[in-house]
Structures are given as structure tokens and as C-alpha cells.
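These notes are about the structure you will find just below.
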Protein chains: 2
Amino acid sequence: MTMTQQQQHEHADVERLSIGQVAERTGLSVHTLRFYEAEGLMVDPVERLAGGRRSYRADDVEWLTICTNLRSSGMPLPEIRRYAELVREGAGNEEDRLDLLRRHREEVLDRIAKLHGWLEVISHKVAVYEERLDHGATGRLWVQECALLDRAIEPAD
Amino acid sequence: MTMTQQQQHEHADVERLSIGQVAERTGLSVHTLRFYEAEGLMVDPVERLAGGRRSYRADDVEWLTICTNLRSSGMPLPEIRRYAELVREGAGNEEDRLDLLRRHREEVLDRIAKLHGWLEVISHKVAVYEERLDHGATGRLWVQECALLDRAIEPAD
DNA sequence: CTAGAAGCTAGAGTCGACTCAAGGTCAAAT
DNA sequence: ATTTGACCTTGAGTCGACTCTAGCTTCTAG
């Protein structure tokens with residue numbers, strides 16, 4: 001009975017994944033996975049097989065899913081690293097983690113609000129164009145647009 | 001009667017602004033103003049005074065305001081350049097401009113939708129933390145979080 | 001007339017977040 | 001035995017959008 005290296009490590013088959021498999025499952029590239037690890041984004045450095053290859057546990061993949069969630073919603077890597085550090089430290093700092101998450105949520109809300117503002121400006125511009133095109137009055141159009149746009153609601157950047 | 005160079009250019013005082021003044025009014029740095037011009041973002045290259053200094057007209061400033069609106073709402077420079085080109089070409093391509101604006105509006109709507117999705121995920125996570133902290137059950141919390149998060153709505157990236 | 005502020009250009013540097021290249025190792029299959 | 005393909009590390013390159021530097025010119029105020 002020759003077990004593959006995948007299996008002979010630790011007690012049988014605790015579902016270890018290679019970097020390639022994790023890449024598939026998370027949608028991150030293998031480059032990015034190595035990069036994230038080097039950046040200290042993992043809660044613990046990924047375990048290795050005999051040959052030095054990374055062997056991801058289910059936990060790692062779940063954590064990476066959290067990371068991509070946070071990244072996609074605009075959290076910068078240093079803040080994710082901070083979060084990872086808190087988790088690494090273990091129980092006792094849940095308030096801090098909650099804080100971090102709440103602050104991030106505020107940021108997302110903020111960005112949504114700003115985008116809504118810009119959306120209005122743009123929609124207004126689109127509306128102006130549509131109206132003018134319907135009326136066939138196209139000459140020197142853009143100068144008028146400018147004036148209109150300036151008068152439009154301008155969300156604070 | 002010695003006029004300043006600012007005024008003697010063309011017929012008297014048609015409100016010409018220096019790059020510094022435009023920077024003040026638009027919130028862009030002088031560097032950025034020169035950079036935008038070099039990138040072809042202006043409808044026409046900015047006029048110059050005798051000494052080679054830029055002399056912005058009201059139009060230019062209005063256009064720059066449009067640019068900052070578009071930038072803030074996430075339009076990349078190449079697309080703004082494209083828009084500038086259309087305007088530069090003059091009347092006749094209003095449909096194209098409208099198209100571009102409409103597409104941009106869609107993108108903004110899209111980004112808002114995605115952010116709403118991420119917001120839900122994060123809010124859920126925050127809620128879980130809050131509940132757990134209330135109940136004082138903090139051990140091995142983050143692993144549970146992972147599971148919860150994975151089950152949460154995951155907007156397509 | 002001169003000092004200092006503000007402009008000018010060309011080109012280099014920065015930052016965040018990857019992304020890729022070179023050169024080597026390791027393991028399963030032919 | 002060797003080929004293939006996935007992995008490894010280190011370090012460099014890319015991209016977008018600025019941002020700054022160096023060295024020079026040009027106004028404007030005293």
C-alpha cells in the first residue's frame with residue numbers, strides 16, 4: 001500500500017489542498033496566494049509537505065475566502081494583515097476585530113453614498129444629452145453641459 | 001497704464017487663470033493639471049501667455065470639473081481622454097458621447113450593487129461577532145465565523 | 001535691480017497590488 | 001530513465017495615476 005505524499009502526511013486524509021487546487025477554489029492565482037502569505041495575510045504560515053510544497057487545510061481556504069471578501073469590498077492589504085494578526089493572537093481581542101469590521105463597514109457605506117452622489121451627476125448629464133438629442137439642438141452643446149454639470153449636486157470627494 | 005501680462009493678452013480681461021489658480025479652484029495639483037494636459041485629457045491644449053505659461057479659460061476649468069467628476073466616479077483616464085476626443089471633434093457625435101456616459105453610469109450602478117452585496121456579508125459578520133460577544137462565547141470564534149461567512153451571500157466579483 | 005514666488009520641461013520616483021521570469025526541485029507516468 | 005507538469009524561491013516588472021526633482025525661465029514686489 002503506497003500512499004501518495006498527499007495522504008501519508010499526518011493521520012490519513014484530512015483534506016489537504018495544493019496551491020493549485022486552492023487557486024482554483026478561491027479564484028486567486030497561485031502567485032497571489034504566495035504573495036498573500038509573504039505579506040503576512042495568513043493567520044498562520046501555510047504548512048508544507050516533505051518536499052517543501054504548500055499544503056493548505058480547509059481552514060486556510062476559509063480564511064482566504066474571508067480575505068477575498070474583504071479585498072473585494074475595498075479593504076487594503078495592511079488592514080487585512082492587521083485582522084489576521086488579531087485572529088492569530090487568539091481569543092481575547094474580539095472587540096478589536098469587531099471594531100475593525102465595523103469601521104470597514106462604515107467605509108463601504110461611505111463609498112456607496114459617494115457613488116450615489118456621482119451617479120446623480122452622471123445621470124443628470126445623460127438626461128441633458130438625451131433631451132438635447134431629441135430636440136436636435138446640438139450646437140455648442142458641451143459648453144452648456146458644463147454649466148449644467150457645475151450646478152449639479154457635487155458630492156464631497 | 002501698464003497692464004499685467006495676464007490682462008494684455010487678447011481683448012482685456014476675459015478671466016484668464018494661471019495654473020495655480022486653477023489648482024485652487026479644481027482641487028487638482030498643478031502637477032496633475034500638467035499631467036492631465038500631457039495625457040490629452042483637455043479638449044484643446046491650454047493656451048499660453050507670451051512667456052510660455054498656461055492661461056486657462058473658464059471653459060477649461062469647467063471641463064476640468066467634468067473630468068474630476070468622472071474620475072471620482074471611477075472612470076479611468078483613457079476613457080476620459082476618449083470623451084475629450086469626442087468633444088474635440090465637435091458636433092455630430094453626440095450619440096457616441098451619450099453612449100459613453102451611459103456605459104459609465106451602468107458601471108457605477110454595478111459597483112454600487114457589488115458594494116451592497118459585500119456590505120451584507122460584512123454586516124453579517126459584524127452581527128455574528130456582536131452576538132457572540134454578548135453571549136460571552138468567544139473561544140475558537142473565528143473558525144465558526146468562517147463557516148458562517150462562507151454560507152453568506154457571496155456577490156459575484 | 002534684484003530676490004522670491006510661481007511657471008516651465010523632461011524625466012524619475014512612488015504606491016498598491018499584483019504578475020511574471022529565471023532557474024531549480026520533486027513526483028507521477030511513460 | 002526521462003519527460004512532464006506542478007511547485008519552489010528570489011527578484012524584477014507592470015499598471016494606473018499621480019507626485020516629485022532638477023535645473024531653468026519669468027514675472028512681480030520692494
Side-chain angles (χ1 to χ4, degrees), chain A residues 1-9 16-42 45-56 60 64 67-82 84 107 157, chain B residues 1-9 16-42 45-56 60 64 67-84 107 111 157:
Chain A
M1 170 187 173
T2 58
M3 294 172 106
T4 65
Q5 190 154 17
Q6 196 95 298
Q7 294 163 326
Q8 80 195 194
H9 194 71
R16 298 314 201 114
L17 297 180
S18 72
I19 195 168
Q21 294 171 314
V22 173
E24 255 177 53
R25 279 163 182 66
T26 59
L28 297 166
S29 73
V30 295
H31 300 298
T32 304
L33 288 171
R34 291 193 273 250
F35 170 68
Y36 277 8
E37 188 180 345
E39 288 290 284
L41 262 56
M42 301 305 286
V46 179
E47 287 173 23
R48 305 299 182 108
L49 300 171
R53 297 179 174 204
R54 289 171 180 81
S55 169
Y56 293 80
D60 293 324
L64 282 165
C67 289
T68 54
N69 284 338
L70 296 175
R71 271 299 297 132
S72 302
S73 56
M75 187 183 284
L77 297 192
E79 208 167 330
I80 299 181
R81 171 164 44 235
R82 177 73 193 124
E107 298 243 317
D157 190 28
Chain B
M1 170 187 171
T2 58
M3 293 172 106
T4 65
Q5 192 155 12
Q6 195 93 300
Q7 292 164 329
Q8 78 194 198
H9 193 71
R16 298 312 202 118
L17 297 179
S18 72
I19 196 168
Q21 293 171 315
V22 173
E24 256 177 52
R25 279 163 183 66
T26 60
L28 297 165
S29 73
V30 294
H31 299 298
T32 303
L33 288 171
R34 291 193 273 249
F35 170 68
Y36 276 9
E37 188 180 345
E39 289 290 284
L41 264 55
M42 300 306 286
V46 179
E47 287 173 25
R48 305 298 182 110
L49 301 171
R53 299 182 169 199
R54 289 171 180 81
S55 168
Y56 292 80
D60 294 324
L64 282 166
C67 289
T68 55
N69 284 339
L70 296 175
R71 271 300 297 133
S72 302
S73 56
M75 185 182 285
L77 297 192
E79 207 168 328
I80 299 180
R81 171 164 45 235
R82 176 74 193 126
Y83 190 48
E107 299 244 315
R111 290 199 302 122
D157 187 30

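In what follows, chains are A, B, ... by sequence order, proteins preceding strands, each numbered from 1.
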Leu28(A) CG to dA17(C) P, in whole Å, measures 14 Å

Using every non-hydrogen atom in the two residues, find where Ile19(B) and Leu33(B) come nearest and quote the distance to one decimal. O-CD1, 3.5 Å

Heavy-atom closest pair, residues Ser73(B) and Arg111(B): O-NH2, 2.8 Å

Among dC27(D), dC8(D), dA17(D), which is the nearest nucleotide to the side chain of Arg48(A)? dC8(D)

Separation of dT25(C) atom P from Leu49(A) atom CG, nearest Å, is 18 Å

For dA17(C), does either OP1 or OP2 sit under 4.0 Å from a side-chain N or O belonging to Arg71(A)? yes

Whole-Å distance, Leu33(A) CG to dC8(D) C1', equals 14 Å

In this structure, how many angstroms lie between the P atom of dA17(C) and the CE atom of Met75(A), rounded? 12 Å

Which nucleotide in the set dT25(C), dA17(C), dC18(D) lies at the smallest distance from any side-chain heavy atom of Leu77(B)? dC18(D)

Any side-chain heavy-atom pair of Arg81(A) and Glu39(A) under 4.5 Å: yes

Without decimals, in angstroms, what is the distance between Ile19(B) CD1 and dT25(D) P? 19 Å

Under-4.0 Å side-chain N/O to phosphate OP1/OP2 contact, Ser29(B) with dC18(D): no

How many Å lie between CZ on Arg81(A) and P on dA17(C), as a whole number? 10 Å

When you match Val30(A) and Thr32(B) each to their closest nucleotide on DNA chain D, which lands nearer the 5' end? Val30(A)

Nearest to side-chain heavy atoms of Arg54(B), which nucleotide of dC7(D), dT9(C), dT9(D): dT9(C)

Separation of atom CG in Leu41(A) from atom C1' in dC18(C), rounded to whole Å: 12 Å

Ignoring hydrogens and angles, answer whether the base of dC27(D) and the side-chain atoms of Arg53(B) contain a donor-acceptor pair closer than 3.5 Å. no

Considering only heavy side-chain atoms of Phe35(B), the closest of dT25(C), dA17(C), dC18(D) is dC18(D)

Shortest non-hydrogen separation from Gly20(A) to Val30(A) and the atoms involved: CA-CG1, 4.0 Å

Sugar-phosphate only, base, or nothing, as touched by Arg34(A) at under 4.0 Å among non-hydrogen atoms: base

What closest approach, in Å, do Val46(B) and Glu37(B) show between heavy atoms, and which atom pair accounts for it? N-OE2, 3.3 Å

Check whether any side-chain nitrogen or oxygen of Tyr36(B) sits under 4.0 Å from OP1 or OP2 of dC18(D), and answer yes or no. yes

CZ of Arg16(A) versus C1' of dA27(C): gap in Å, rounded? 19 Å

Could you please name the option among dT19(D), dC18(C), dC18(D) that lies closest to any side-chain atom of His31(B)? dT19(D)

